[in-house]
Amino acid sequence: MKATCWILAGFCLLFCCKAEEGLNFPTYDGKDRVIDLNEKNYKQALKKYDMLCLLFHEPVSSDRVSQKQFQMTEMVLELAAQVLEPRSIGFGMVDSKKDAKLAKKLGLVEEGSLYVFKEERLIEFDGELATDVLVEFLLDLLEDPVEVINSKLELQAFDQIDDEIKLIGYFKGEDSEHYKAFEEAAEHFQPYIKFFATFDKGVAKKLGLKMNEVDFYEPFMDDPVHIPDKPYTEEELVEFVKEHKRATLRKLRPEDMFETWEDDMEGIHIVAFAEEDDPDGFEFLEILKQVARDNTDNPDLSIVWIDPDDFPLLITYWEKTFKIDLFRPQIGIVNVTDVSSMHLKIQ
């Protein structure tokens, strides 16, 4: 009995020691990992890493503010490179003036953008340039483009995803040519849009899927859309997703916030601010969801929902720019060209 107590005491002591170390957030260790990419070293960098993340930047001005801003951006990349070093993910920077030929060769177009090279693909990161957001994005990109669902519990987890676009298909197996087309289509949208598949007859029956059929789920909608004319080619799936990916109600997310914001309706956004964890915000959001469901077939309606809790650094800016109080739900029209707005008062 005493021996058991000693073992338990030792285990608890070990656990406590490990627990203290378990929340040790990484800090920059001083080692430079971000490469200054040029025509001499870019091929070696592409071979060395499974994924290479490149910041395409304009020449840095000599003034103090520009230098400081660039240093802060560089530090975001350095910390991400440090955290992801064991994953064989490299980071580099390309100067748009000094390395213009290299940029053209690599397909880098937009200054200030972050590009990821993965195998034969070039993916543009359209999110908030923060270390945690970037690391999460890249880890998602490392995963398989299609997640397989073959149990009731996995199906329950799938059902819980309601705030983003998702697709699911039923196929005979991983060797099926139709599954391979689905997988290749998924690579075009990874990691922004989630693709799921099942090879299980029972799961397919619960989802109402027939063999080689794919369902498209719009955010916050109760029922999916059956993609017509199965089986599909890769190109047909890609075309369908591109045509339908602007949802009636879409949430602004840190990982693709710029892509969403740039996808406006003739320079205009209908924007709703609501905190999901706040009672008033939750009630208002439920009304928005119902409005979206009632108008899902209207191509001229698209509401961008912003949860201020997801963007704490932007709260003061939004309140000042749009002249609103974000401690309560707000909805209005925003002109994205001059950032003018008109907001309705929510009673």
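No experiment lies behind these values; they were computed from the predicted model shown.
Counting only heavy atoms from C-beta outward, the side chains of I227 and L167 approach each other to under 4.5 Å. Counting heavy atoms from C-beta on, the side chains of E147 and K194 never come closer than 4.5 Å. Looking only at side-chain heavy atoms (C-beta outward), L153 and Q156 come within less than 4.5 Å of each other. I165 places a side-chain heavy atom less than 4.5 Å from the side chain of P219. At a threshold of 4.5 Å between non-hydrogen side-chain atoms, the residues M221 and R293 count as touching. The side-chain heavy atoms of F56 and L106, taken from C-beta on, include no pair separated by under 4.5 Å. Between K242 and H188 there is no side-chain heavy-atom pair separated by less than 4.5 Å. With contacts defined as side-chain heavy-atom distances shorter than 4.5 Å, the pair V225/E218 does not qualify.
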Legend entry - Verdict with supporting geometry, T198 and N150, side-chain contact (heavy atoms from CB on, under 4.5 Å): CA-CA 6 Å; T198 186; N150 281 321; 3.4 Å; yes
Inset, instruction - Before giving the answer on side-chain contact (heavy atoms from CB on, under 4.5 Å), spell out for I270 and L301 the whole-Å C-alpha distance, their side-chain angles and the decisive distance to 0.1 Å. - result: CA-CA 8 Å; I270 300 175; L301 177 65; 3.8 Å; yes
Legend entry - Intermediate values then yes/no, side-chain hydrogen bond (donor to acceptor under 3.5 Å, both in side chains), T260 and R253: CA-CA 8 Å; T260 301; R253 305 181 299 177; over 6 Å; no
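At a threshold of 4.0 Å, the pair K251-D310 counts as salt-bridged, since one of the basic side-chain nitrogens sits closer than that to a carboxylate oxygen. Here E85 pairs with R33 in a salt bridge; the nearest charged N to carboxylate O distance falls below 4.0 Å. Between K98 and D36, at least one side-chain N (NZ, or NE/NH1/NH2) sits under 4.0 Å from a carboxylate O, which counts as a salt bridge.
For Y217 and F196, the distance between ring centers is not under 6.0 angstrom. Taking the six-membered ring wherever Trp is involved, the centroid distance between the rings of F137 and Y192 falls below 6.0 Å.
Once rounded to the nearest 0.5 Å, the distance linking CD of E78 with CG of D32 reads 5.0 Å. The SG atom of C53 sits 11.5 Å away from the CE atom of M93 when rounded to the nearest 0.5 Å. In this structure, the separation between CG on D263 and NZ on K245 is 7.5 Å, given to the nearest 0.5 Å. In this structure, CG on N212 lies 8.5 Å from OH on Y232, to the nearest 0.5 angstrom. With rounding to the nearest 0.5 Å, the separation of CH2 in W305 from CG in L285 is 4.5 Å. The distance from atom CE of M265 to atom CD1 of I303, rounded to the nearest 0.5 Å, is 10.5 Å.
Shown here is R246, whose CZ atom has more than 12 heavy atoms of other residues, nucleotides or ligands within 6.0 Å. Counting non-hydrogen atoms of other residues, nucleotides and ligands closer than 6.0 Å to CD of Q290 gives a total above 12. Few gaps surround OH on Y28; more than 12 heavy atoms of other groups in view lie less than 6.0 Å from it. Counted within 6.0 Å of CD on E136, heavy atoms from surrounding residues, nucleotides or ligands total 12 or fewer; the atom is thus considered open. The local environment of CG in D63 is crowded, with over 12 non-hydrogen atoms from other residues, nucleotides or ligands closer than 6.0 Å.
Counting only distance, with no hydrogens or angles, the side chain of Q44 and the backbone of N41 share no donor-acceptor pair below 3.5 Å. Here the side chain of Y170 pairs no donor or acceptor atom with the backbone of K205 at under 3.5 angstrom. Although no hydrogens or angles enter the test, the distance criterion places no donor-acceptor pair under 3.5 Å between the side chain of K206 and the main chain of K152. S302 places a side-chain N or O within donor-acceptor distance of the main-chain N or O of A247, the cut-off being under 3.5 Å. Formation of a donor-acceptor pair under 3.5 Å by the Q67 side chain with backbone atoms of S61 is found in this model.
Under the 4.5 Å side-chain heavy-atom criterion for grouping Ile, Leu, Val, Met, Phe, Trp and Tyr, V214 is connected to F216 within one hydrophobic cluster. There is no path of hydrophobic side-chain contacts, each under 4.5 Å, that joins M257 to L313. Taking hydrophobic clusters as Ile, Leu, Val, Met, Phe, Trp and Tyr residues chained together by side-chain heavy-atom distances below 4.5 Å, I161 does not share a cluster with V241. Under the 4.5 Å side-chain heavy-atom criterion for ILVMFWY residues, no single connected hydrophobic cluster contains both I35 and V60. Hydrophobic clustering (ILVMFWY, side-chain heavy atoms < 4.5 Å, transitive): L46 and V94 are in one cluster.
With F182 as the fixed residue, the ring pair (Phe, Tyr, Trp, His ring centres under 6.0 Å) test singles out one of F195, F240, F199: F195. Of the candidates D325, L326, I324, I324 is the only one forming a side-chain contact (heavy atoms from CB on, under 4.5 Å) with F322.
The aromatic rings of F171 and Y179 sit perpendicular to each other, their planes meeting at more than 60°, with 30° as the lower class boundary.
Nearest heavy atoms, E124 versus S113: OE2-OG, 3.0 Å. Across every non-hydrogen atom of G208 and E213, the tightest pair is O-OE1, 3.7 Å.
F327 belongs to no hydrophobic cluster, as no Ile, Leu, Val, Met, Phe, Trp or Tyr side chain comes under 4.5 Å of its own.
The side-chain hydrogen bond (donor to acceptor under 3.5 Å, both in side chains) contacts involving residues 268-288 comprise E286-K289, where partners must be two or more places apart or lie in separate chains.
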